[in-house]
Amino acid sequence: MICKDIHYVGVNDHVIDLFEGQYVVPNGMAYNSYIIEDDKIAVMDSVDARFTEEWLSNIRRALGGKTPDYLIVQHMEPDHSANINAFAHTYPDAKIVSTAAASVMMTKYFGIDFTDRRILVKDGDTLSLGSHTLTFIAAPMVHWPEVIMTYDSAAKVLFSADGFGKFGALDVEEDWACEARRYYFGIVGKYGAQVQAVLKKAAALDIATICPLHGPVLSDNLGYYIGLYDTWSSYGVESEGIVIAYTSVYGNTKKAVLLLADELKAKGCPKVVVNDLARCDMAEAVEDAFRYGKLVLATTTYNGEIFPFMREFIHELTERGYKNRTIGIIENGTWAPVAAKTIKKMLEGSELIYTDTTVTLHAALNDTSRVQVKALATELMA
Ligand code: FEO
């Protein structure tokens with residue numbers, strides 16, 4: 001029970017290998033679903049396809065013989081929508097509530113849009129369950145176009161769809177921000193402007209509890225979570241520190257990176273994060289780049305361009321609107337170093353400030369490049 005009249009009926013997934021086909025989830029994943037029990041009964045979203053029986057059984061157990069009147073579909077991504085059909089068959093009198101855009105997606109996924117039993121809603125529409133009145137809040141591109149969030153004014157609960165979600169099942173204790181940040185920048189990060197628009201709407205509501213579709217229900221210290229979402233979606237700097245993201249083929253670029261890290265620590269940098277892009281989780285590296293205000297990119301010239309993992313990393317940043325950061329570069333090239341030029345070309349159009357110092361290695365560190373590394377450290381700490 002989340003609060004009076006609201007039950008949790010979601011499931012934990014410890015079998016999944018990659019969430020959304022690309023994100024490692026060492027602590028699994030939760031697909032949240034809720035029931036609001038009033039004169040009318042609403043179920044909020046379904047769960048992943050592999051948990052049909054567990055979810056329906058959770059609903060049965062929570063309702064003790066009563067039947068739901070509505071399935072409210074806030075988001076059509078299959079981790080939440082896969083069981084709409086199963087619900088519709090199990091509860092033939094229940095109505096399916098969604099946006100028109102979600103209804104179109106139902107046809108695409110299931111070949112049926114429930115025309116005879118659907119209720120289409122848009123931003124600002126309400127649905128009364130009795131003492132609970134639900135108000136729908138359009139949240140387009142957070143992070144799909146059909147998304148609505150739902151506010152229950154009686155319980156002061158915001159059902160926030162994927163917003164405020166995180167990786168990790170609910171039966172594992174772990175820090176919220178770490179996996180919520182990786183989730184946000186991985187999945188929602190491109191849509192900062194749209195998240196800002198929803199936060200503005202949410203600011204007008206009296207919210208005591210946030211019920212997301214992933215991760216824990218949030219009810220204490222909501223200002224902390226909303227503040228982080230505000231920072232993340234406005235591309236602000238969350239933490240003081242410097243990230244060094246690198247690739248190294250034979251270890252020479254890595255030596256320059258480690259020298260820079262030592263110099264920064266010696267100068268009192270509060271946090272130095274070093275990510276080997278060929279070996280670390282790319283989503284973790286992306287999260288770090290957005291968390292801190294300064295980023296050093298260190299890579300090898302490769303096929304007249306840059307090393308593939310660095311190319312992928314920069315692409316991950318630019319497609320998420322990376323900006324408002326200071327960038328330093330360490331390039332390596334034995335005969336024709338072009339990595340710095342390539343990096344700047346890839347980042348063209350992003351609002352970034354470059355350090356005056358660029359470190360150029362011609363294969364391995366030498367006295368000249370050591371001086372450059374120290375100059376870069378001084379500039380980054382200025
Ligand atoms: Fe949790 Fe966008 O699906």
Side-chain angles (χ1 to χ4, degrees), residues 8-34 43-52 54-55 58 71-87 96-99 101-106 108-110 136-150 158-170 172 174 176 179-195 197-199 210-218 225 229 232-233 283 286-287 316 319-320:
Y8 181 82
V9 289
V11 299
N12 287 318
D13 182 356
H14 285 289
V15 177
I16 187 168
D17 61 343
L18 292 175
F19 180 67
E20 291 194 1
Q22 60 173 318
Y23 299 103
V24 293
V25 282
N27 286 332
M29 203 64 205
Y31 313 111
N32 296 341
S33 170
Y34 307 90
V43 176
M44 307 297 297
D45 296 289
S46 82
V47 299
D48 187 87
R50 288 169 294 117
F51 298 90
T52 309
E54 185 178 343
W55 177 61
N58 288 350
L71 174 65
I72 296 176
V73 177
Q74 299 186 107
H75 182 18
M76 275 301 295
E77 200 163 2
D79 50 331
H80 311 292
S81 70
N83 283 296
I84 293 174
N85 249 337
F87 178 93
I96 310 296
V97 181
S98 78
T99 58
S103 188
V104 170
M105 289 184 186
M106 284 177 213
K108 291 178 178 174
Y109 276 112
F110 315 125
F136 299 104
I137 301 162
M141 299 319 296
V142 182
H143 59 109
W144 275 25
E146 84 296 358
V147 172
I148 45 166
M149 297 182 181
T150 308
L158 176 68
F159 296 91
S160 59
D162 274 340
F164 299 96
K166 67 182 272 298
F167 297 124
L170 298 187
V172 179
E174 65 178 359
W176 184 86
E179 284 297 68
R181 190 188 301 104
R182 190 167 70 95
Y183 176 91
Y184 175 86
F185 284 111
I187 292 168
V188 190
K190 179 179 168 70
Y191 305 104
Q194 289 83 352
V195 174
V198 172
L199 287 177
I210 296 175
C211 290
L213 288 177
H214 303 288
V217 170
L218 307 173
Y225 304 105
Y229 252 64
W232 297 343
S233 58
V286 168
E287 168 196 350
E316 298 270 354
E319 76 171 354
R320 287 167 175 78

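Order of appearance sets the numbers: ligands from 1, and atoms from 1 within every ligand. For this chain, numbers begin at 1 and follow the sequence in order.
With contacts defined as side-chain heavy-atom distances shorter than 4.5 Å, the pair V188/W232 does not qualify.
Of all protein atoms, those that are N, O or S and lie under 2.8 Å from atom 1 (Fe) of ligand 1 total 4.
Under the 30°/60° scheme for interplanar angles, the aromatic rings of Y34 and Y8 are found to stand perpendicular.
When all heavy atoms are compared, the tightest approach of G215 to K166 is CA-CG, 3.7 Å.
The structure places CZ of F51 at 12.0 Å from OG of S46, a figure rounded to the nearest 0.5 Å.
No side-chain N or O of Q194 forms a donor-acceptor pair with one of H143 less than 3.5 Å apart.
Judged purely by atom type and a 3.5 angstrom limit, R182 has no side-chain atom pairing as donor or acceptor with the backbone of F167.
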